[in-house]
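These notes concern the structure reproduced below.
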Amino acid sequence: VVVACPCALGLATPTAVMVATGLEPIMRAQKIRYVIFDKTGTLTQSRAAVTTVKVFTEMDRGEFLTLVASAEANSEHPIAKAIVEYARHYHFFKDPNVINSPKNESNTNTEWLLDASDFCAIPGRGIEADINQKQILVGNRTMLVEKGISISAEVENFLTNLEENARTGILVAYDYELIGVVGVADPLKREAAIVVEGLFKMGVRSIMVTGDNWRTARAVAREAGIQDVRAEVMPAGKADVIRSFQKDGSIVAMVGDGINDSPALAAADVGMAIGAGTDIAIEAADYVLMKNSLEDVITAIDLSRKTFARIR
Ligand code: ADP
Ligand code: MG
C-alpha cells in the first residue's frame, strides 16, 4: 500500500512520504503509545565525522590513521566511513601526490591503504583484522575488554571526556596494545528534537535505544529531548526492549535503519525503517520512511488517526 496522497485527507504533505506493506500496520499506527528510536542513523544523520585523533604511543599520526583506515575500509558502518574519509583528507593535505583529491566523489584510489586480511565485523562492537600479520581491533570498550586489551586510566579519562560531549570514542589496539582513540561526532537529524516534542504533544512517548555507550547515549538523548535511554544494547536486546514496552498491551513502534535493528523492527507492532537504511531493516519493517525524515513518523500516526476516525 503506497500512502501516496495524504492531501486528500487534509494533510499538508504533498508527496509519497512512506510506503506501508499492509493495511494492518496503517490501522495500528493510530494506537501507538511508544516510539522506540535507534540512535545511529535514525535519530542521527549517520554522517559521522572524526573530531579527534589521539595516539597513545610513539606511532606517527599518519601511520596510525592509515592503519585504522585500512582495517575500517572493509566495513559499511558510518563510523568506518568517517574514519576512512578522515584519513584520506589527512594524507591528501600532507602530500597531494600520494592520494587523489578527497573532494573527488568518484575517488576510488585505495593504493594508500594497507592490505588487511581475516576481516571480521562484530555487530554493536567493532571490527577485527590482521595487518602486517598483527591483529588490529577497532571498536568500543566492550569489544576491547572482551579481547583482553587493558585500558589505562589515561585512556579512560580521554574517553569519558569525549563521551560527555556526545562523541563516540573508538579504541584502536594493534598487536595487543592500545595505541589510540578516534573521537567521532554524529549530529542529530535537524528535525529530531521537534519530532520528539511533536510526539509528546500527541501523547506518544519517545525512547532511545542504542548499541553505543551510556555516556554518549545520554548526551545525544538530552539533545533530542528524550529522557528514557537504553544503551549498550545488543541487537537481540533491542527486541527485548520492544517487548518490555508491549507487556501492558501498549502498541509500540520501532524506528531503525540497521541490520542490528531488524529483530526489533519485526518485534514491534509497527516497524518503521529509514529509507536509506539497510535492506534487511527495510524488509523487517511495516513502513519505509522514503524521505529519511523522522517527521514521517508523525505523519504515519496522524494519517492513521485521521483515516480511521473518519471511518468510525
Ligand atoms: P546503534 O545501535 O546506535 O545504531 P551500532 O550498534 O551500529 O549503533 O554500533 C554500536 C557501537 O559499536 C558503536 O557506537 C561503536 O562503538 C561500535 N562499532 C560498531 N561498528 C563499528 C566499526 N565498524 N568501527 C568501530 N566501531 C564500531
Ligand atoms: Mg542504527
Side-chain angles (χ1 to χ4, degrees), residues 36-48 50 67-87 116 119-129 136-147 151 159 162-163 166-173 180-189 192 207-221 224 226 229-239 241-242 254-265 271-278 280-282 284-285 289 292 294:
I36 320 288
F37 289 99
D38 160 59
K39 176 174 79 72
T40 316
T42 301
L43 283 172
T44 71
Q45 297 175 8
S46 193
R47 286 230 207 130
V50 171
L67 200 60
V68 186
S70 301
E72 288 281 29
N74 301 288
S75 167
E76 289 284 298
H77 202 277
I79 290 174
K81 288 183 185 159
I83 293 175
V84 175
E85 177 87 356
Y86 184 89
F119 173 84
C120 172
I122 307 152
R125 281 173 162 68
I127 55 134
E128 185 182 343
I136 178 159
L137 303 169
V138 187
N140 56 25
R141 244 191 226 91
T142 317
M143 176 171 134
L144 269 82
V145 169
E146 274 173 5
K147 298 280 178 183
I151 301 170
L159 281 175
L162 283 174
E163 291 163 359
R167 309 283 197 258
T168 298
I170 302 298
L171 299 133
V172 182
V181 168
V182 181
V184 178
D186 184 6
L188 283 181
K189 286 186 176 145
I207 295 98
M208 185 179 98
V209 63
T210 178
D212 206 349
N213 74 86
W214 274 101
R215 258 190 297 262
T216 310
R218 278 205 197 90
V220 173
I226 295 179
V229 183
R230 313 293 157 98
E232 297 176 22
V233 178
M234 291 297 108
K238 288 191 179 185
V241 171
I242 301 288
M254 167 78 198
V255 192
D257 72 313
I259 301 172
N260 56 345
D261 298 319
S262 38
L265 286 167
M272 301 186 182
I274 301 291
T278 56
I280 299 173
I282 289 171
L289 309 180
N292 307 313
L294 300 175

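Atoms considered below: every heavy atom in the structure, side chains included; atoms not considered: hydrogens, waters and symmetry mates. Nothing fancy with the numbering, it's 1 onward along the sequence. Read the numbers this way: they start at 1 and go in the same order the structure lists the ligands and their atoms.
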- Message: Checking a contact table here: which protein heavy atom is nearest atom 16 (O) of ligand 1, and how many Å away?
- Response: Asn140 CB, 3.4 Å
- Could you tell me whether Asp212 approaches ligand 1 through its side chain, its backbone, both or neither, with non-hydrogen atoms closer than 4.0 Å? both
- If you count the atoms of ligand 1 from 1 in the order shown, which ones are under 4.0 Å from a heavy atom of Ile127? 23 (N)
- Does even one non-hydrogen atom of Lys238 get within less than 4.0 Å of ligand 1? yes
- Item | Glu72 contact mode with ligand 1 (heavy-atom cut-off under 4.0 Å) | side chain
- Could you check Ile136, Val138, Leu137 and say which one makes a side chain to side chain contact (heavy atoms under 4.5 Å, CB included) with Glu128? Leu137
- Message: For Arg125, run the side chain to side chain contact (heavy atoms under 4.5 Å, CB included) check against Arg141, Met143, Lys147 and tell me which one passes.
- Response: Met143
- Task: Provide, to 0.1 Å, the distance between atom 6 (O) of ligand 1 and the closest protein heavy atom, together with that atom's residue and name.
- Result: Asn260 ND2, 2.6 Å
- Going by the atom numbers of ligand 1, which of them fall below 4.0 Å from some non-hydrogen atom of Ser75? 23 (N)
- Query: Under 4.5 Å between any side-chain heavy atoms of Leu159 and Leu171, yes or no?
  - Reply: yes
- Note on the structure: The protein heavy atom nearest to atom 13 (C) of ligand 1 is Ile79 CD1, 3.9 Å
- At what distance is the nearest protein heavy atom to atom 21 (C) of ligand 1, and which residue and atom is it? Gly126 CA, 3.6 Å
- Query: Counting backbone and side-chain atoms alike, does Thr42 have an N/O/S atom under 2.8 Å from the Mg ion (ligand 2)?
  - Reply: no
- Would you say the side-chain atoms of Glu232 pair up with the backbone N or O of Trp214, donor to acceptor, closer than 3.5 Å? yes
- Tell me: protein heavy atom nearest atom 17 (C) of ligand 1, and distance? Arg125 O, 3.2 Å
- Query: Within the side chain of Thr44, is there an N or O that forms a donor-acceptor pair under 3.5 Å with the backbone of Gly41?
  - Reply: yes
- Residue-ligand contact Gly258/ligand 1, heavy atom below 4.0 Å: no
- Return the residue, atom name and 0.1 Å-rounded distance of the protein heavy atom closest to atom 10 (C) of ligand 1. Gly211 C, 3.5 Å
- Query: When you look for heavy atoms under 4.0 Å from ligand 1, do you find them on the side chain of Thr210, its backbone, both, or neither?
  - Reply: both
- Task: Without swapping roles, check the side chain of Asp257 against the backbone of Ala281 for a donor-acceptor pair under 3.5 Å.
- Result: no
- Check for a donor-acceptor pair, side chain of Lys39 on one end and backbone N or O of Gly211 on the other, with a separation under 3.5 Å. no
- Item | Check: Asp261 and Ile280 side chains under 4.5 Å, non-hydrogen atoms | no
- Query: Within the side chain of Thr216, is there an N or O that forms a donor-acceptor pair under 3.5 Å with the backbone of Arg167?
  - Reply: yes
- In ligand 1, which numbered atoms sit nearer than 4.0 Å to a non-hydrogen atom of Lys39? 3 (O)
- Quick one: the OD1 of Asp257, the Mg ion (ligand 2), OD2 of Asp38 angle, rounded to 10°, please. 80°
- Task: Name the closest protein heavy atom to atom 20 (N) of ligand 1, giving the residue it belongs to and the distance to 0.1 Å.
- Result: His77 CD2, 3.3 Å
- Query: Does Tyr86 reach the side chain of Val182, with side-chain heavy atoms less than 4.5 Å apart?
  - Reply: no
- Message: For the backbone of Leu188 and the side chain of Gln45, can you confirm whether one donor and one acceptor N or O come within less than 3.5 Å of each other?
- Response: yes
- Task: Among all protein heavy atoms, pick the one closest to atom 4 (O) of ligand 1 and tell me residue, atom and distance.
- Result: Asp38 OD1, 2.8 Å
- Are the side chain of Asn292 and the backbone N or O of Ala276 linked by a donor-acceptor pair below 3.5 Å? yes
- Query: How does Thr40 reach ligand 1, by side chain, by backbone, by both or by neither, if only non-hydrogen atoms under 4.0 Å count?
  - Reply: both
